[in-house]
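For reference, the structure discussed in these notes is given below.
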Amino acid sequence: MINVSEIITSKPVDFNSELHKKVYNTLEKLEIPFERVDTDEAITMEDCIEIGKKLDTNIVKTLFLCNRQKTNFYLFVTTDDKPFVTKDFSRVLGISRVSFASPEMLFDMLGTRVGAATVLSCVFDEKNKVRIILDKDAVSGRWYGCSDGTTTGYMKLKTEDLIHKYIPFANHIPTIIEI
């Protein structure tokens, strides 16, 4: 079983990466309240079940995808229980089939590693190379639970703050889809 800290409502004292620092500084600048926990390394959705219980919300699944030419990139957020079907995703968006982008691309473009992909990393994508795609079911609740850009920190914030403050501040316009 994964170790999960008590709930914390302030940013960390030390940051693991430039993205980690940028996420918390952006939340602070936008005055977006959050609750967070520190954990053992969590990479799988199974690891996130205990984390979600502590935060009293579901932790979303976030996938970094690209087209075959590696010219179009997508950060897709869905619920933890939905399987990802490339054909359905591509059909809904009217695009050619996608696949998982490489770990190197994830780090270069969004400043994070596999297992820590998060929509909060859109603040790192200053050139708007990544399209944010949100599954309607993942953003239909009051709370949004996700990684803070690390595999050892998870948080929840109000979904409306994410969609109406955080993502627009990062100069992105999310596309909400139903699959």
Side-chain angles (χ1 to χ4, degrees), residues 1-28 30 32-65 73-82 84 100-125 130-135 137-163 165-167 169-170 172 174:
M1 189 152 105
I2 191 167
N3 288 318
V4 181
S5 75
E6 292 303 312
I7 292 177
I8 306 162
T9 57
S10 59
K11 67 182 182 180
V13 175
D14 296 312
F15 298 103
N16 297 343
S17 67
E18 188 57 38
L19 170 63
H20 196 220
K21 182 178 180 180
K22 201 167 194 171
V23 163
Y24 283 101
N25 286 344
T26 301
L27 291 168
E28 183 177 65
L30 298 176
I32 297 175
F34 59 86
E35 293 181 357
R36 71 177 182 88
V37 291
D38 292 326
T39 68
D40 292 337
E41 186 168 54
I43 295 179
T44 67
M45 290 312 300
E46 289 78 27
D47 292 336
C48 293
I49 292 171
E50 291 301 313
I51 297 166
K53 286 179 185 175
K54 179 68 85 164
L55 288 170
D56 194 26
T57 194
N58 290 329
I59 304 298
V60 297
K61 177 169 43 179
T62 306
L63 308 172
F64 186 52
L65 308 162
F73 298 90
Y74 308 88
L75 192 66
F76 177 51
V77 177
T78 189
T79 59
D80 61 342
D81 59 343
K82 280 190 181 179
F84 176 66
F100 291 97
S102 72
E104 295 79 22
M105 287 179 174
L106 175 62
F107 186 77
D108 291 345
M109 298 178 81
L110 295 174
T112 193
R113 302 203 181 282
V114 172
T118 177
V119 74
L120 301 175
S121 64
C122 66
V123 296
F124 199 83
D125 179 32
V130 180
R131 187 170 167 196
I132 306 296
I133 311 295
L134 306 173
D135 182 327
D137 292 336
V139 293
S140 63
R142 180 174 184 208
W143 298 106
Y144 181 87
C146 64
S147 163
D148 66 0
T150 70
T151 57
T152 57
Y154 292 80
M155 67 167 55
K156 82 172 183 183
L157 59 150
K158 287 183 180 174
T159 304
E160 67 183 47
D161 286 343
L162 175 72
I163 293 174
K165 292 181 183 178
Y166 191 95
I167 295 173
F169 175 81
H172 283 73

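These values consider heavy atoms only, across backbone and side chains, with no hydrogens, waters or symmetry-generated copies. In what follows, residues are counted from 1 in the order of the sequence shown.
Contact detail for V114 and T151: the closest heavy-atom pair is O-CG2, 4.0 Å. Y166 and C122 get closest at one heavy-atom pair: CE2-SG, 4.0 Å. Taking every heavy atom of both residues into account, T57 and W143 meet most closely at OG1-CB, 3.5 Å. Between P33 and L157, the shortest heavy-atom distance links the atoms O-CB, 3.8 Å. Smallest separation of non-hydrogen atoms from S147 and A117: CB-O, 4.2 Å.
Looking at H172, its side chain does come within 3.5 Å of a backbone N or O of A170 through a donor-acceptor pair. Looking at N25, its side chain never comes within 3.5 Å of a backbone N or O of K22 through a donor-acceptor pair.
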task = Decide yes or no on side-chain contact (heavy atoms from CB on, under 4.5 Å) for K156 and F34, but give the supporting numbers first.
result = CA-CA 6 Å; K156 82 172 183 183; F34 59 86; over 6 Å; no
message = Quick one, V23 with S121, criterion side-chain contact (heavy atoms from CB on, under 4.5 Å). Give me CA distance, side-chain angles, the key distance, then yes/no.
response = CA-CA 7 Å; V23 163; S121 64; 5.9 Å; no
Derivation and outcome, side-chain contact (heavy atoms from CB on, under 4.5 Å), residues T39 and D47 = CA-CA 10 Å; T39 68; D47 292 336; over 6 Å; no
query = Do K82 and D137 pass the side-chain contact (heavy atoms from CB on, under 4.5 Å) test, and can you show the C-alpha distance, the side-chain angles, and the key distance before you say yes or no?
reply = CA-CA 10 Å; K82 280 190 181 179; D137 292 336; 2.7 Å; yes
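Between the CG atom of L27 and the CD1 atom of I32 there is a distance of 5.5 Å, given to the nearest 0.5 Å. Note that CD1 of I2 is 8.5 Å distant from CD of E50, once rounded to the nearest 0.5 Å. Between the OH atom in Y24 and the CZ atom in F15 there is a gap of 8.0 Å [rounded to 0.5 Å]. With values rounded to the nearest 0.5 angstrom, E35 atom CD is found 11.0 Å from M155 atom CE. Within the model, atoms OG1 of T150 and CG of L19 stand 9.0 Å from one another, a figure rounded to the nearest 0.5 Å. Residue Y154 holds its OH atom at 9.5 Å from OG1 of T118, rounded to the nearest 0.5 Å.
Counting only N and O atoms by type, the side chains of D38 and S5 include no donor and acceptor under 3.5 Å apart. Under 3.5 Å, the side chains of N58 and D80 contain no donor-acceptor pair of N or O atoms. The closest side-chain donor-acceptor pair between K21 and N16, if any, does not fall under 3.5 angstrom. Side-chain contact, T152 with E41: no donor N or O sits under 3.5 Å from an acceptor N or O.
More than 12 heavy atoms of other shown residues, nucleotides or ligands fall within 6.0 angstrom of atom CG in D40. Other residues, nucleotides and ligands contribute only 12 or fewer heavy atoms inside 6.0 Å of the NZ atom of K158.
Counting only heavy atoms from C-beta outward, the side chains of T62 and L75 approach each other to under 4.5 Å. The closest side-chain heavy-atom distance from V130 to Y74 is not below 4.5 Å. In this structure the side chain of I167 reaches within 4.5 angstrom of the side chain of V119, judged on heavy atoms. Between R131 and F73, every side-chain heavy-atom pair lies at or beyond the 4.5 Å cut-off. No side-chain heavy atom of V60 sits less than 4.5 Å from a side-chain heavy atom of T79. Side-chain contact between M109 and F64: present, with at least one pair of heavy atoms (C-beta onward) separated by less than 4.5 Å. With contacts defined as side-chain heavy-atom distances shorter than 4.5 Å, the pair V4/L55 does not qualify. Contact annotation: the side chain of K61 never approaches that of V77 to less than 4.5 Å [non-hydrogen atoms, C-beta and beyond].
Using bins of under 30°, 30° to 60° and over 60° for the plane-to-plane angle, the ring pair F84/F76 lands in the tilted bin.
Taking the ring centre of F107 as origin, the terminal cationic atom of R113 falls inside the region bounded by 6.0 Å and 45° from the ring axis.
For E160 and K165, the salt-bridge test fails: no basic side-chain N is under 4.0 Å from an acidic carboxylate O. Here R36 does not pair with D148 in a salt bridge; the nearest charged N to carboxylate O distance is not below 4.0 Å.
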